[in-house]
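Report on one structure; see the data block that follows.
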Amino acid sequence: MRLARAATVAAIVATGAVASGCGGGGSPAPPANASPGLKVFDRANCGSCHTLAAAHATGTVGKNLNGLRLDQATVEHWVRTGGGGMPVFTDQLTDAEIASVAEFVARSSQ
């Protein structure tokens, strides 16, 4: 199962995700009481590439994350290592922020 999810994420990355801040519709600023993960998703500009309903993100460069049923470990892996056009975020986000955004994306992609 983990391999299938990793393959799904690899396909997402390989088919067009590009560096943070590129293309797409982005997302509106989250409300003050938003979850920490949503705040990191916004601050890291993930919505400029990815669509994710929970973040009101409409990026069109990367894959739509809705319905992919990603797990937190898989999301953390891709945020840390990048690939296929997706940048590495370890120089921009702390370990806690990476865990937080990964939890948010995993929960929201169900």
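FYI, the numbering just counts along the sequence from 1. We use all heavy atoms of the structure for the numbers below, so side chains are in, but hydrogens, waters and symmetry mates are not.
- For Ala102 against Val75, the heavy-atom pair with the smallest separation is CA-CG1, 3.6 Å.
- By the side-chain contact (heavy atoms from CB on, under 4.5 Å) test, Ser108 is found to be paired with Leu52, Ala54, Phe104, residues two or more places apart in sequence or in another chain being considered.
- Going from atom NE2 of His50 over to atom CG of Leu68 covers 10.0 Å, rounded to the nearest 0.5 Å.
- Between His56 atom NE2 and Thr58 atom OG1 the span is 11.0 Å, to the nearest 0.5 Å.
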What's the verdict on side chain to side chain contact (heavy atoms under 4.5 Å, CB included) for Leu93 and Val40, showing C-alpha distance, side-chain angles and the deciding distance? CA-CA 8 Å; Leu93 301 174; Val40 175; 3.9 Å; yes
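- Residue pairs satisfying the salt bridge (charged side-chain N to carboxylate O under 4.0 Å, His left out) criterion with at least one member in residues 95-110, sequence neighbours excluded, are listed as follows: Arg43-Glu97, Arg80-Asp95, Glu103-Arg107.
- Residue Phe41 comes nearest to Ala57 through the heavy atom pair CE2-CB, 3.8 Å, listed as atom of the first residue, atom of the second, then distance.
- Pairing each heavy atom of Gln72 with each of Ala99, the nearest pair is NE2-O, 3.2 Å.
- The two residues Gly37 and Ser100 come nearest to each other via the heavy atoms N-OG, 2.9 Å.
- Of all non-hydrogen atoms in Thr90 and Val88, the two that sit nearest each other are OG1-CG1, 3.2 Å.
- For Ala53, the side-chain contact (heavy atoms from CB on, under 4.5 Å) partners at least two apart in sequence or on another chain are Asn66.
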May I have the step-by-step check of side chain to side chain contact (heavy atoms under 4.5 Å, CB included) for Met86 and Val79, ending in yes or no? CA-CA 8 Å; Met86 182 169 163; Val79 172; 4.3 Å; yes
